Amino acid sequence: MTSTSTAGEPAVRSAGLDEAVDAMAAILTGRPIAILTGAGISTDSGIPDYRGEGSRVVNPMTISHFLGDPTARKRYWAGSHLGWRRFTEVRPNAGHRAVAALELAGVANGVVTQNVDGLHLRAGSRRVVDIHGSSDRVRCLRCGQIFARDGIAQRMADANPWLNAPESVELNPDGDVAIEAYGDMIVPECTVCGGDLKPEVVFFGEFVPTEKFAEASALVRGAEALVIAGSSLTVNSGIRLLDQAAKRRIPIVIVNRGTTKGDARATLKIDAGTSEVLGALAERLTS
Ligand SMILES: [Zn+2]
């Protein structure tokens, strides 16, 4: 069969990939699919996966560090602001579009994502459970007021004009970046109560909110197969969803570059990029 490709994205498939996707399609045909995605699905959009194969090791902000250290909070906000601006510039890729196509065709019942980049919604997915939150929302830690990130970003830029001319900025999946000059930075406060603000993303050391995990769990329960794409399953919430699927003995297919913590329990593991595999899968299951 021929492969379709969008300009700028490779149509080349490595040897054996067609066979792997055929096997994947055979396992999934006729079954409602739940999809779980991680940082690996967004790397083709230009957001590096710091837990994936060949990536840099960075020290992500922990919740205790953020809450306990005002300087760390400033550093985080400076980086997060620049990271957010980059998030608004990147575009969904073939993997995100395939996930959306599978849902719109009634093959998949939605997507649970560990990503905070918002790219599934922008690709057209309708039911998206963002278990690690979304960087486009900001929450007051004192009164709980939610703010749109656009407005907070504007206040950040107005209060700190130097932020508008960053040199070269490296972006991490959680929207944080490493920058040096943040000491004089003014971080916006809650306009309701003056409390500290935090992007509504789950930090390291923080639990996924109970109701959010319940939503993810319901999505997986409503399916007869689980596809895990672009996650090495190093975080607990992903493993718990895999546990649920394994307990029900429904097929589990993992698509990821490099090993994952779920490989031993997968019905099928495809060691390849998510854009090419999910794109080819969507061609087979939606035609
Ligand atoms: Zn407040």
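All ligand and atom numbering here is 1-based and tracks the order in the structure. Here the structure is a predicted model, which means the values were calculated and not measured.
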- Item | Contacts of the Zn ion (ligand 1) with protein N/O/S atoms, counting only those under 2.8 Å | Cys140 SG, Cys143 SG, Cys190 SG, Cys193 SG

Under a 4.0 Å threshold between the charged nitrogen and the carboxylate oxygen, would [Y] count as salt-bridged to [X]?
{"X": "Lys198", "Y": "Glu206", "answer": "yes"}
{"X": "Asp196", "Y": "Arg142", "answer": "no"}
{"X": "Glu224", "Y": "Arg248", "answer": "yes"}
{"X": "Asp130", "Y": "Lys212", "answer": "yes"}
{"X": "Asp18", "Y": "Arg284", "answer": "yes"}

- Note on the structure: Residues at least two apart in sequence or cross-chain that pass ring pair (Phe, Tyr, Trp, His ring centres under 6.0 Å) with Phe213, listed by chain then number, are none

